[in-house]
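Only heavy atoms go into these numbers, but all of them, side chains included; no hydrogens, no water, no symmetry mates. Per chain, numbering begins at 1; letters A, B, ... match sequence-line order.
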There are 2 protein chains.
Amino acid sequence: MATRKEVAERAGVSEATVSRVLNNVGPIREETKRRVLEASKALGYYPSALARSFVRRKSGNLGVVLPYVPKVNVFSTYYFAEVLSGIGEAVREYGYDLLLMFRSPQESMDFAGLFKSQKVDACIILGSRDVSEERAALRILQEEGHPYCLINQHFEGESFSEIDAEHKQGSLEAIRHLIALGAKRIAFLNGTLDFSNSVDRLEGYRKALAEAGLPFDPQLMLEGNYSRKSGYAAASRVYAMLDSLDAIFVANDRMAIGLMQGLRELGVQTDDFPAIVGYDDSDAARLTDPPLTSVHVPFYEMGKRAAKRLLAQGTDGSDDEGAPREMLGTRLVVRKSSRLRET
Amino acid sequence: MATRKEVAERAGVSEATVSRVLNNVGPIREETKRRVLEASKALGYYPSALARSFVRRKSGNLGVVLPYVPKVNVFSTYYFAEVLSGIGEAVREYGYDLLLMFRSPQESMDFAGLFKSQKVDACIILGSRDVSEERAALRILQEEGHPYCLINQHFEGESFSEIDAEHKQGSLEAIRHLIALGAKRIAFLNGTLDFSNSVDRLEGYRKALAEAGLPFDPQLMLEGNYSRKSGYAAASRVYAMLDSLDAIFVANDRMAIGLMQGLRELGVQTDDFPAIVGYDDSDAARLTDPPLTSVHVPFYEMGKRAAKRLLAQGTDGSDDEGAPREMLGTRLVVRKSSRLRET
DNA sequence: TTGTAGGCGTTATCAG
DNA sequence: CTGATAACGCCTACAA
């Protein structure tokens, strides 16, 4: 490996000058610049990113924390693929690198440590849940002023940096849609409430019912954990009250898919399905039979925005601030699954 | 931020001793160790990963290169999600970090530069294609002896480090299955041949025909690019020869899904579909109507193996070598889509 | 068992 | 415009 020293010698200049040329800093004579560049290329010199990071005290990495259970995707791969793509785009734009960090769902994570050990310059946290250790860890992050951003999760009562989506509104529209179709009894298969978006959806659901003067019936509430399996498991309960049910709203597509599968295995014909609305508008929503009406969430955009918020800080001098919680819009995509069955 | 010097002072030892304690190296008196640990904790000291990497000349990063087109997934997200999960598992096991690097599909990449600039200690390359610049870049990697590994791509005539799957065998079995069902005229919607697995599939296809004494008919060959869109686009050609077709083998599930969609829009009823076999056995294969018979590929395992091959090198002293090309098995998963229609 | 000191490859400051 | 030179935080012989 060619060293900088060799480059300097070959170009007949000092190492400092080599550095200047390669970093485009300070005034340099054209001729000198040319010679250095030439020598550098001839020798195949590559500056050490390690040394550079060290002296600049910047890793050049944007960290992305995501929950991880081997062979089990708690969320849809769709969600992560979209968010990561969005982040990837921004990262490449700003010349950063993307450091992926998995964490076991239980294991509370020392977010601040990532910064203190200088592994990352900024960090995006996915799949965060509202449990006390998590709150505590995030508070530290906030207090110590590290650049971080949560995606798709809100912590009530804090002012964390968050990019979220209008889940309450999305759910509201989903239920309105069902009601407009004539549904009266609408079940709700939600996820656990430690995800703020589950809470948001519940609010939207209740608001829509209230608007229409429909009663809220706790009997109609089901809980899953966003996995296909949990949707599958819910099928028996739905089956039990099938006759009294007009429709069911499911908090993500995966569960909706599991539910449909489960119902089918219990012998329910497609025509006898209650109207179903899913959530996320993942690729899979187009493939189910019947195609799944679902609430579209701009995950790609959310990832991109989060990354930009973080990386832009480094660029301009603005100490950011501004709305710590930004919310992007959702949108109902109607397909066939939300039709009410004939009576 | 507490510095190591402070820790040393508080513990009443030298910085070197602090270092020793924190790295568990060299003989240390229990009492000293205790004091250092205590001081370190009290002060909230975090060693700088940057400085550490610098002096050790190891980034601690496993790089993963993946092709990238914003908002377009040339491959299925399924493929990447599985491979990444596998890599993630190994990485966490070995205490490495995972550095994601996107590259535009055209842009030929300076793989060796990643090592020379010391951004990564080892590197996995996904979505590589057999084009001359790529070969050249990989040869350099090989010659310079950097630890790298290709996944799901083989370069004939080279001895690159590769983790591949038995695509020839997988295709062979897929076609045998169709033939066993009575299919005589089997079309093949393949991907471009700069992906070695396209070539492998073609070989499997031809071999199966030959075995059965069936002729190879170039008319039955279609080419897509692994996107759903290209499968969709192929529908019209398939439609044109629908009557003379018993079955069609499609090189990945995405295209198969696009194809089914396209046929349907052309007015073909499910019952009139030719028998269809897809490839990858992605989640989506279970969701299509009819469910898609497909060839299962152990992507998760492939990612894990590749990462382990790379990271284990660092651990033991073995300069690896051993079979540079390792191939994992594929397996046909039969579902309803491969039934021949009634005549 | 512990301390001292040199060096890792860059950047940045300060003279010239 | 360019050349010395001092950090940066940590690891690791070598000495004690």
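- Nearest to the side-chain atoms of A:V55 among the listed nucleotides C:dT2, C:dC8, D:dA7 stands D:dA7.
- Put simply, B:R57 has no side-chain N or O that comes within less than 4.0 Å of OP1 or OP2 on D:dC11.
- Using a 30° and 60° split on the angle between ring planes, A:F54 and B:F54 fall in the parallel class, below 30°.
- Atom-to-atom, CZ of B:R34 to P of C:dT1 comes out at 16 Å; the value is rounded to the nearest Å.
- Applying the 4.0 Å criterion to OP1 and OP2 of C:dG9, one finds that A:R52 has every side-chain N and O outside that range.
- Taking 4.0 angstrom as the limit, A:N23 places none of its side-chain polar atoms (N or O) nearer than this to OP1 or OP2 of C:dT10.
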Report task. Check the pair A:Q118, B:Y46 against side chain to side chain donor-acceptor pair (under 3.5 Å), reporting the backbone distance first and the verdict last. Result -> CA-CA 9 Å; A:Q118 308 181 66; B:Y46 281 77; over 6 Å; no
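- Map B:T17 and A:P47 each onto its nearest nucleotide of DNA chain C; the residue landing nearer the 5' end is B:T17.
- A close approach under 4.0 Å does occur between a side-chain nitrogen or oxygen of A:Y45 and OP1 or OP2 of C:dT10.
- The shortest distance between the side-chain N/O atoms of A:R56 and the OP1/OP2 oxygens of C:dT11 is below 4.0 Å.
- Spacing between atom CD of A:E15 and atom C1' of C:dT13 amounts to 16 Å, rounded to whole angstrom units.
- One interatomic measurement links the two molecules: CZ of A:F54 to C1' of C:dC8, which rounds to 8 Å at whole-angstrom precision.
- For the pair A:S14 and D:dG3, the criterion of a side-chain N or O lying under 4.0 Å from OP1 or OP2 is met.
- Rounded to whole Å, the distance from NZ on A:K58 to P on C:dT11 is 15 Å.
- B:R20 comes within 4.0 angstrom of a base, heavy atoms only.
- Here D:dT2 presents its P atom at 14 Å from CG of A:N24, a figure rounded to the nearest Å.
- Atom pair A:L22:CG and C:dG9:P shows a separation of 16 Å (rounding to whole Å applied).
- Note on B:R4: a base of the nucleic acid sits closer than 4.0 angstrom, heavy atoms only.
- Put simply, the residue from A:R34, A:R35, A:K41 that forms a salt bridge (Lys or Arg N to Asp or Glu O under 4.0 Å) with A:E38 is A:R34.
- When the nearest nucleotides of DNA chain C are assigned to B:Q118 and B:P27 by heavy-atom distance, the more 5′-ward of the two goes with B:P27.
- A:R52 and B:S117 form no side-chain donor-acceptor contact under 3.5 Å, judged by distance and modelled atom types alone.
- A:T32 comes within contact range of the sugar-phosphate backbone alone, with a heavy-atom separation under 4.0 Å but no base atom that close.
- Between A:M101 and the choices A:V64, A:N61, A:V120, the side-chain contact (heavy atoms from CB on, under 4.5 Å) rule is met once, by A:V120.
- Rounded to a whole Å, the CD1 atom of B:I28 is 12 Å from the P atom of D:dC11.
- Within the nucleic acid shown, A:V13 comes within 4.0 Å of sugar-phosphate atoms alone, with no base atom in reach, counting heavy atoms only.
- Of the candidate nucleotides C:dC8, C:dT10, D:dG3, C:dT10 has the atom lying nearest to any side-chain atom of A:A51.
- Residue B:S48 places no side-chain N or O under 4.0 Å from the OP1 or OP2 atom of D:dC10.
- Rounded to a whole Å, the CD atom of A:E6 is 11 Å from the P atom of C:dG9.
- Between A:V65 and A:L114 the shortest side-chain heavy-atom distance falls below 4.5 Å.
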